[in-house]
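Everything quoted here is computed from the prediction, not taken from an experiment. First the proteins, then the strands, lettered A, B, ... as listed; each starts at 1. Atoms considered below: every heavy atom in the structure, side chains included; atoms not considered: hydrogens, waters and symmetry mates.
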Amino acid sequence: EDQVTQSPEALRLQEGESSSLNCSYTVSGLRGLFWYRQDPGKGPEFLFTLYSAGEEKEKERLKATLTKKESFLHITAPKPEDSATYLCAVQARSGGSNYKLTFGKGTLLTVNP
Amino acid sequence: KAGVTQTPRYLIKTRGQQVTLSCSPISGHRSVSWYQQTPGQGLQFLFEYFSETQRNKGNFPGRFSGRQFSNSRSEMNVSTLELGDSALYLCASSPPGGSDTQYFGPGTRLTVL
């Protein structure tokens, strides 16, 4: 069974204090790894897709990287508006030619001014 | 372009009742997936529809069902509601052409009393 584990569960940073969130996974036949951001009371907002080990994607203060066993979401000089729950999901084959997403439980990031 | 819309946004039901939730995907998207999100279990995959056919299904009891219409709009139904069905139900759509990215709606908050 596909498993996705995110750590830490919660992270509190001061504005400008860089850090990283971890997503480790166990899956047969990874097709892609996704990062989403979710604000309270809203649906997840797509951030990045990574497909192969060594791949990196950047968007503003966020950079996502992928290895064969885990992914990191690096946050550089965060601002209070970066506060949210960050979700990681892996897409793998679920039977035949179908694929499904398995999500981790997320990291709740709080950035204090 | 309008995003994924879900109705209703909030719903209160009592045990034993049934409920139908609606999802309108982004225009041009033909794949619709449904997820249940709870604090304890996180986001869990319910099912996926493509061109009016269920393409994938998660590990939920038969009380959970869905369908998709010719205009790609989708509904999910939960019969004989239980207290444990209280959750945020999220719908996501994917663009055609092989893209794996799923775009989420705001969700329907279901409370079962």
Fill in the blank from the handout: Distance col, row B:Tyr35:OH vs A:Lys100:NZ, nearest 0.5 angstrom, shows 9.5 Å
Handout entry: Shared hydrophobic cluster for B:Leu46 and B:Val78 (ILVMFWY, side-chain gaps under 4.5 Å)
Key = yes
Problem - Per-residue contact mode, B:Leu90 against chain A (heavy atom under 4.5 angstrom) - result: side chain
Problem - Closest non-hydrogen atom pair between A:Phe46 and B:Gln102, with its separation - result: CB-O, 4.4 Å
Completion exercise
Among residues 79-91 of chain A, those lying within the under-4.5 Å heavy-atom range of chain B are A:Leu87, A:Gln91
Exercise for the section: For each of B:Gln37, B:Gln6, B:Arg9, tally heavy-atom pairs with chain A at distances under 4.5 Å, and name the one with the top tally. Expected result: B:Gln37
Handout entry: Same apolar cluster (I L V M F W Y, side chains within < 4.5 Å links), A:Leu50/A:Ile75
Key = yes
Problem - Within 6.0 angstrom of B:Arg63 CZ, more than 12 heavy atoms from elsewhere - result: yes
Handout entry: Single-linkage hydrophobic cluster, 4.5 Å side-chain cutoff, A:Val4 and A:Leu30 together
Key = yes
Handout entry: ILVMFWY cluster, A:Leu66 and A:Phe48 together (side-chain gap under 4.5 Å)
Key = yes
Practice task
Indicate if B:Leu11 and B:Leu88 have the same hydrophobic cluster label, given that clusters are the connected sets of ILVMFWY residues with side-chain heavy-atom separations under 4.5 angstrom.
Solution key: no
Problem - Test item: B:Ser33 and A:Leu101 side chains (from C-beta on) under 4.5 Å apart, heavy atoms - result: no
Problem - Those residues of residues 32-43 of chain A, ordered by number, that approach chain B below 4.5 Å (heavy atom to heavy atom) - result: A:Phe34, A:Tyr36, A:Gln38, A:Gly41, A:Lys42, A:Gly43
Handout entry: Where at least one partner belongs to residues 14-28 of chain B, residue pairs that pass side-chain hydrogen bond (donor to acceptor under 3.5 Å, both in side chains), sequence neighbours excluded
Key = B:Thr14-B:Gln17, B:Thr20-B:Asn77, B:Ser22-B:Arg73
Completion exercise
Under a 4.5 Å heavy-atom criterion, the part of residues 103-113 of chain A in contact with chain B comprises A:Phe103, A:Lys105
